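Notes follow once the structure below has been shown.
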Amino acid sequence: MSKYQEILKRYWGYDDFRGIQRDIIESIGAGHDTLGLMPTGGGKSITFQVPALAKEGVCIVITPLIALMKDQVHHLRQLDIQAAAIYSGMQHDDVMRTLENCILGNTKILYVSPERLGSSLFQAKLRHMQVSFITVDEAHCISQWGYDFRPSYLEIANIRNIHPDVPVLALTATATPQVIDDICTKLSAGFSSPESTSASGETGCHAGKHGFSVFRMSFERKNLAYLVQNAPDKYGELLRLLDGTPGSAIVYVRSRRHAREIAEHLSDAGLSATFYHAGLDHADKDRRQRDWQHDRTRIMVATNAFGMGIDKPDVRLVIHYDSPDSLEAYFQEAGRAGRDGQPARAILLFNGSDNGKLSKRVDDTFPPREYIKEVYEHLAYYYQIATGDGYGVNREFNIEEFCLRFHHFPVRVHSALQILMRAGYLDYDEEADNEARVHFLVSRDELYRLEQVTPVEERVIVALLRNYGGLFADYGYIDESIVAQQAGLPQPVVYDILKALSLRHLISFIPRKQVPYIRYLQRREDKEHIQLPRAIYEDRLEQYRKRIQAMSNYAQATDRCRSRMLLEYFGEETHKDCGQCDVCLREQGQLVTPADQHDANQQILAMLSDRQRHHITELYCLQLPAEALNAALKVLMENEKIRQDDGFLMIV
C-alpha cells in the first residue's frame, strides 16, 4: 500500500482512489505543475488534501467559495487534520494568529480567498512559510476566456514569484480547450511542454508550452439524462415534472424574486420546497441548506448562488426554469444531479421567448462604453468625490438607491461596475461580509447577579465571555458558529438567544450582514479619460456572444445527441450517442409519434369546444404525455386554431 493510500484509508476510510485521483496526487506529489479536469462530483478535494498530509509544510488552497472553505475546514478538523482559512471579513488579530500558526508549522492546509492574496500582510507572512504546494480551485476563474473570470485570481502569479520552486495544482470542473490553455499560461512557471493524461491512463502531447501535466477525467455522465423540453407553460410543466419525480430536486432560476415566488407557488401546490439566493442572511442560508441536505425539504429553488461545494449525492432532478448564460454554467449546475451513480435527469425548460431573453443578456451584460462612463461619473456624484480625489475610498453601495437617484436599471449598473472593476478603476464587492458584533450593556457584576436568565441563555453568555475579551467596554466581533459550538447549541438557536438578550437590553447585538461595497483603486478621473481596453470590453463581449450562441444552439438542436454536444464543447471527442436524451429518445421513437400528437390535438380541441376560457392547467386532467401535450399546443397555436391569453386557452 502506497503512502497516499495509507493516508486515504486512515483519514477517509477508503481503500483506493477513484478515476484520475491517483494520477493527480502522484504528479503533484512528485513536484510537477498539474492541471486536473474533473466533472462535478469527481472528488477534487481528495486530490490536494491527501498529498498535503504526505508532504512537509502547508498547502495553500485558493478558492472563491467562503462557505465551502469553512465547511471543509470544519470537516478536516473533525478528522484531526490541522486546517484553517483566511477570507474577507475576518478580524486582523484572527488573520495574524492563523498566519503565525502556518509559519510555526501548526497548519497543514490553509484555505485563502483570492482577494486576500494581494494584501501586503499575507505576502509578507507567506515568505516565512514552508509551502508544500499551491492548489488553485475553480481554476477557470483565472482565464479571461472563462465564463466566471475573477480578476483577483491574477494575483496568483505574484504568489508563485514568492515561492518559485513550489508546484501548483489547478483544478476545475468546466473548461474549454481555450480556457485550459489560458489556465496553464497564467499559472506557468516556464517549464517544459505539458503531458495530457486521460482517465484511462493514455498519454499524449498537449498543445501548449506551459510545463503542466494535464489529467482529464471524462466529462461523460452515463447515469445522467440531459433533456430540453419545449414548455409554453413553464410553471405547469415544472409542477408536472416535480410531482412525477420522487427524490431531491434543484430548480435553477435567474432572479432572487423568481426563486421566492416559485418556491411559494410549489409550497401552495402541496410540494415540499424552499428557496435560496445570495441575499439571504447566513443563518437563513445555513438552515435552508441543512433542511434540504437532510431531506427535511425536497425541492430547492435557487439562483446560481446555490450548489458550489454542496455534496448531496441523491439529487434525482435538476431543472433549469431559466436558461443559463453558458454551457459551462449549465453543465456544472446540471452535474449536481445523480452523483450517487443512480439514474437522474437534467431538464432545461425552453420556449420561444427564451431566445430573445438570451439575446437581451448580451446588451445588459455589456452596455455601451458611454453608459459605463456615465455610471462611473454618477458614482462620483453619489459619493461626492471630486476629480483627482477618492483613491482608497471604501463606501457601502445601495444599488437600489443609486438607480433611483440617477434613473438607471440595476442589471446594467451591476454590469458597468463589473467592467470598471476589470479595468482597474474600482473594486466592487457585492457581498462584503460584516461579522456579527456584541456589546454588553450591563456590568460584569450586574450580569452575575441576574436571576431571570435561562440555562441556554447562560451557556451563550459563558461562551461569549470565554472566547471574546473587552465586550463590556465596547463592541467586539464574534463568530456565531464558534459561540454555538462552545455552547453546544445549533447556530440558529444562538442567533435567536442573542436577539432576545438584545431586546432585554442586556447586550447590544448587531447581526452579521452582507453589504455591497465599492472601493476606489485610482483617483477619480473625468469620464472622457476613462480607458476600457479592447481585452476588457470588445474581446470579452465577443466571447460572451459566443457562449450565449452556444447555449441557444444547444437548447434548439433537434438532431444531435445532447450529451455529445456537451462533451464536444469541452473538447472531448465521442462517437457514441447517449441513448437517453430527448433527441436520442425521439430518434428511437420513444418520444412523440404523429398518432400521439393527433390524439393530443383532438383531446385539446374537444375540451375547448364549449368555446369557454379554460386555464392552461386544466390540460393536465387529460392525462396526456408531456411531450405530446406540448407538441400539440405548439402546432395548434401556430396554426391559429387556439390562442392563449394570460394563462387561459380558447378556441379561435
Side-chain angles (χ1 to χ4, degrees), residues 40-41 67-68 71 221 223-229 231 233-324 329-350 490-493 580 582 617 620-621 623 625-626:
T40 302
L68 174 61
D71 186 58
R221 295 282 304 279
N223 68 309
L224 182 57
Y226 299 98
L227 301 104
V228 177
Q229 207 142 301
D233 172 31
K234 284 193 178 184
Y235 176 69
E237 187 61 25
L238 177 69
L239 200 61
R240 189 195 70 79
L241 287 166
L242 292 169
D243 204 31
T245 306
S248 288
I250 306 173
V251 179
Y252 279 109
V253 296
R254 286 281 295 177
S255 72
R256 298 176 181 183
R257 179 180 59 82
H258 220 178
R260 186 189 69 252
E261 288 176 352
I262 289 178
E264 289 172 353
H265 287 321
L266 293 175
S267 297
D268 291 343
L271 297 175
S272 172
T274 189
F275 64 92
Y276 186 106
H277 56 66
L280 298 172
D281 66 50
H282 288 279
D284 204 4
K285 283 181 186 175
D286 289 344
R287 186 179 68 253
R288 291 167 190 267
Q289 185 174 306
R290 277 198 309 273
D291 285 347
W292 180 77
Q293 284 188 294
H294 293 97
D295 297 321
R296 293 188 288 269
T297 302
R298 185 168 80 88
I299 302 159
M300 179 66 79
V301 185
T303 63
N304 61 4
F306 179 77
M308 284 284 195
I310 305 302
D311 187 18
K312 184 170 172 60
D314 59 346
V315 178
R316 300 272 66 85
L317 188 63
V318 171
I319 299 173
H320 278 85
Y321 194 93
D322 299 315
S323 177
Y330 175 72
F331 185 77
Q332 189 164 45
E333 290 163 2
R336 289 170 188 142
R339 292 187 182 182
D340 56 3
Q342 298 302 308
R345 292 186 295 167
I347 301 175
L348 171 63
L349 300 181
F350 202 82
Q491 193 169 329
V493 173
Q580 58 184 356
D582 60 296
T617 54
Y620 299 115
C621 298
Q623 300 293 310

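Residue indices begin at 1 and follow the sequence shown. Small disclaimer: the values here were computed from a predicted structure and weren't measured.
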From [X] [atom1] over to [Y] [atom2], what is the distance, rounded to the nearest 0.5 angstrom?
{"X": "Gln491", "Y": "Arg290", "atom1": "CD", "atom2": "CZ", "value": "7.0 Å"}
{"X": "Arg345", "Y": "Leu224", "atom1": "CZ", "atom2": "CG", "value": "11.0 Å"}
{"X": "Leu271", "Y": "Asp243", "atom1": "CG", "atom2": "CG", "value": "5.5 Å"}
{"X": "Arg260", "Y": "Ser255", "atom1": "CZ", "atom2": "OG", "value": "8.5 Å"}
{"X": "Tyr226", "Y": "Phe331", "atom1": "OH", "atom2": "CZ", "value": "4.5 Å"}
{"X": "Trp292", "Y": "Thr297", "atom1": "CH2", "atom2": "OG1", "value": "10.5 Å"}

**Prompt:** salt bridge (Lys or Arg N to Asp or Glu O under 4.0 Å) between Arg296 and Asp291: does it pass, once the steps are laid out?
**Reply:** CA-CA 5 Å; Arg296 293 188 288 269; Asp291 285 347; 2.9 Å; yes

Please tell me if the side chains of [X] and [Y] come closer than 4.5 Å, counting only heavy atoms from C-beta onward.
{"X": "Arg254", "Y": "Thr303", "result": "no"}
{"X": "Thr274", "Y": "Ile299", "result": "no"}
{"X": "Ile262", "Y": "Leu238", "result": "yes"}
{"X": "Lys285", "Y": "Phe306", "result": "no"}

**Message:** I'd like to know whether Val315 forms a side chain to side chain contact (heavy atoms under 4.5 Å, CB included) with Asp340, so could you lay out the CA-CA distance, the side-chain angles of the two residues, the decisive distance to 0.1 Å, and finally the verdict.
**Reply:** CA-CA 8 Å; Val315 178; Asp340 56 3; over 6 Å; no

**Message:** Please evaluate residues Leu266 and Val301 with respect to the criterion side chain to side chain contact (heavy atoms under 4.5 Å, CB included), reporting the C-alpha separation (whole Å), side-chain torsions for both, the decisive distance (0.1 Å), and the verdict.
**Reply:** CA-CA 9 Å; Leu266 293 175; Val301 185; 3.9 Å; yes

What's the shortest heavy-atom distance between [X] and [Y], and which atoms?
{"X": "Leu242", "Y": "Ala249", "value": "CD2-CB, 3.7 Å"}
{"X": "Ala269", "Y": "Leu239", "value": "CB-CD1, 3.7 Å"}
{"X": "Arg298", "Y": "Ser272", "value": "N-OG, 3.1 Å"}
{"X": "Val318", "Y": "Ala337", "value": "CG2-CB, 3.6 Å"}
{"X": "Ala263", "Y": "Ala273", "value": "O-CB, 4.0 Å"}
{"X": "Ala278", "Y": "Ala305", "value": "N-CB, 3.8 Å"}

**Request:** Measure from NZ or CZ of Arg288 to the centre of the six-membered ring of Phe275 and say whether it is under 6.0 Å with the direction within 45° of the ring axis.
**Result:** yes

**Request:** Ignoring hydrogens and angles, tell me if any N or O in the side chain of Lys234 forms a donor-acceptor pair with the backbone of Leu349 under 3.5 Å.
**Result:** yes

**Prompt:** Is there a donor-acceptor pair closer than 3.5 Å between any side-chain N or O of Arg221 and the backbone N or O of Gly338?
**Reply:** yes

Is any side-chain N of the basic residue among [X] and [Y] closer than 4.0 Å to the acidic one's carboxylate O?
{"X": "Asp295", "Y": "Lys312", "result": "yes"}
{"X": "Arg287", "Y": "Asp284", "result": "yes"}
{"X": "Asp314", "Y": "Arg316", "result": "no"}
{"X": "Glu237", "Y": "Arg240", "result": "yes"}

**Asked** Between Leu227 and Leu348, does a side chain to side chain contact (heavy atoms under 4.5 Å, CB included) hold up when you go through it step by step?
**Response** CA-CA 6 Å; Leu227 301 104; Leu348 171 63; over 6 Å; no

**Request:** Please work out whether the ring planes of His320 and Tyr330 are parallel, tilted or perpendicular, with thresholds of 30° and 60°.
**Result:** tilted

**Request:** For Tyr276 and Arg256, test the side chains for any donor-to-acceptor distance below 3.5 angstrom and give the result as yes or no.
**Result:** no

**Request:** Go through Asp322 and His258 one step at a time and tell me if the side chain to side chain contact (heavy atoms under 4.5 Å, CB included) criterion holds.
**Result:** CA-CA 10 Å; Asp322 299 315; His258 220 178; 3.4 Å; yes

